[in-house]
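Both ligands and their constituent atoms are indexed starting at 1 by order of listing. Values below: every heavy atom of this structure, side chains too, minus hydrogens, waters and symmetry copies.
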Amino acid sequence: MNIGVLVSGRGSNLQALIDAYKAGKIEGSIALVISDNPNAYAIERCKRHGIPYQIVLRQDFTSKKDFEREMVRLLKEREVELVVLAGFMRVLSKEFLDAFPMRVINIHPSLIPAFQGLNAQKQALDYGAKITGCTVHFVSQELDNGPVIIQACVPITPEDTEDSLSEKILKFEHKILPQAVKWISEGRVKIDGRKVVVEGAVYGTLPVNPMLEYSF
Ligand code: GRF
């Protein structure tokens, strides 16, 4: 399966995907990375690994519709079948989502539906939650919502700061995002309403992440 990855910044989740493809853990390829930020470090990662990329700037288009249409055009041109939002800081419209029905996924640094939106790690700390984590989910029109594919939980300790917690969560983001892409690429993911079923997934007993099948 060809995937497209949309990014706006650092691109560490993109890197986790690049590493998984390079290691042969996922079949197919990253056919295109699109950045809406010309200074995104993610672009350096593409250059370093020879991954095709395009910078598409919102300000170059008169409307959000035209901006999104250009992204859809580029993704279709590369025959992308799955769009992965990996730190992409924009909300996509119904029109974009309709171009890839149930084939747009996002990684979010909380256990949704808790702590949606920006600064999810800080929200969890400020709330006094004792456990948080990260989620890969299909993208629906609601922000940081949509059927959950996989989650990993991370305990919050009294010593945690926003930075330390973000770092702990990020380590699991880098495991569950490639895992979700692998499952989808293998055609094992079925959606029944809000519920996602992964065919043949092994449910273990680990408290942190019972669904993770392979490690990095
Ligand atoms: C991650 O925390 C992701 O969950 C959120 O944005 C951040 C992107 O980080 N959506 P990176 O660019 O992948 O390093």
Side-chain angles (χ1 to χ4, degrees), residues 3-22 26 30 32-49 51 53-57 71 82-92 96-97 104-127 129 131-156 160-182 184 208-209 211-212 216:
I3 71 161
V5 186
L6 271 51
V7 296
S8 300
R10 180 177 57 183
S12 69
N13 279 290
L14 168 66
Q15 187 67 54
L17 289 170
I18 293 172
D19 294 345
Y21 277 97
K22 289 221 154 175
I26 310 174
I30 304 176
L32 183 64
V33 172
I34 295 180
S35 174
D36 67 343
N37 169 8
N39 303 315
Y41 186 67
I43 297 168
E44 298 307 315
R45 299 180 193 272
C46 293
K47 287 181 184 164
R48 201 183 304 153
H49 295 280
I51 309 280
Y53 69 92
Q54 288 275 345
I55 299 165
V56 184
L57 303 179
M71 291 196 290
L82 174 71
V83 179
V84 180
L85 310 183
F88 185 65
M89 300 304 287
R90 288 176 191 277
V91 179
L92 294 167
F96 183 100
L97 298 178
V104 182
I105 66 172
N106 180 48
I107 174 94
H108 182 74
S110 77
L111 295 172
I112 67 168
F115 314 125
Q116 295 161 344
L118 292 175
N119 306 318
Q121 302 93 334
K122 182 170 187 303
Q123 288 186 53
L125 269 180
D126 291 350
Y127 188 85
I131 289 179
T132 184
C134 45
T135 303
V136 181
H137 62 94
F138 285 105
V139 177
S140 66
Q141 274 184 281
E142 284 172 77
L143 182 66
D144 297 327
N145 211 322
V148 170
I149 303 164
I150 184 169
Q151 294 181 307
C153 60
V154 173
I156 302 177
D160 269 325
T161 61
E162 189 182 351
D163 282 350
S164 71
L165 182 59
S166 301
E167 200 177 309
K168 282 197 281 185
I169 295 172
L170 199 61
K171 287 206 175 100
F172 284 96
E173 293 185 36
H174 296 165
K175 291 178 187 292
I176 67 171
L177 185 60
Q179 174 73 87
V181 171
K182 179 179 163 72
I184 295 170
V208 171
N209 191 332
M211 285 178 79
L212 202 66
F216 286 83

Point to revise | Residue list, side chain to side chain donor-acceptor pair (under 3.5 Å) with Ser35, at least two apart or on another chain | key: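 So Ser35 forms no side chain to side chain donor-acceptor pair (under 3.5 Å) with any residue.
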
Point to revise | Set of side chain to side chain donor-acceptor pair (under 3.5 Å) partners for Asn37, sequence neighbours left out | key: none

Check your understanding: Do any N or O atoms from the side chain of Gln123 and from the backbone of Ala114 form a donor-acceptor pair under 3.5 angstrom?
Key ->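 Side chain of Gln123 to backbone of Ala114, a donor-acceptor pair under 3.5 Å: no, none is there.
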
Considering only N or O atoms, set out every pair between ligand 1 and the protein closer than 3.5 Å, with distances to one decimal place.
residue  : atom   : partner : partner atom : Å
ligand 1 : 2 (O)  : Glu173  : OE1          : 3.2
ligand 1 : 2 (O)  : Glu173  : OE2          : 3.1
ligand 1 : 4 (O)  : Ile107  : O            : 3.4
ligand 1 : 4 (O)  : Glu173  : OE1          : 2.7
ligand 1 : 4 (O)  : Glu173  : OE2          : 3.4
ligand 1 : 9 (O)  : Arg10   : NH2          : 3.1
ligand 1 : 10 (N) : Ile107  : O            : 3.0
ligand 1 : 12 (O) : Gly11   : N            : 2.7
ligand 1 : 13 (O) : Ser12   : N            : 3.3
ligand 1 : 13 (O) : Asn13   : N            : 2.9
ligand 1 : 13 (O) : Asn13   : ND2          : 2.9
ligand 1 : 14 (O) : Arg10   : NE           : 2.5
ligand 1 : 14 (O) : Arg10   : NH2          : 3.1
ligand 1 : 14 (O) : Ser12   : N            : 2.8
ligand 1 : 14 (O) : Ser12   : OG           : 2.5

**Study point:** Side chains of Asp36 and Ser8, donor plus acceptor under 3.5 Å
**Key:**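 Yes, side-chain donor-acceptor contact under 3.5 Å.
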
**Study point:** Atom of Ile26, atom of Pro178 and distance for their closest heavy-atom approach
**Key:** CD1-O, 3.6 Å

Practice item. Could you name each residue pair satisfying salt bridge (charged side-chain N to carboxylate O under 4.0 Å, His left out) that touches residues 104-122, not counting sequence neighbours? Key: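 Qualifying pairs: Lys122-Asp126.
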
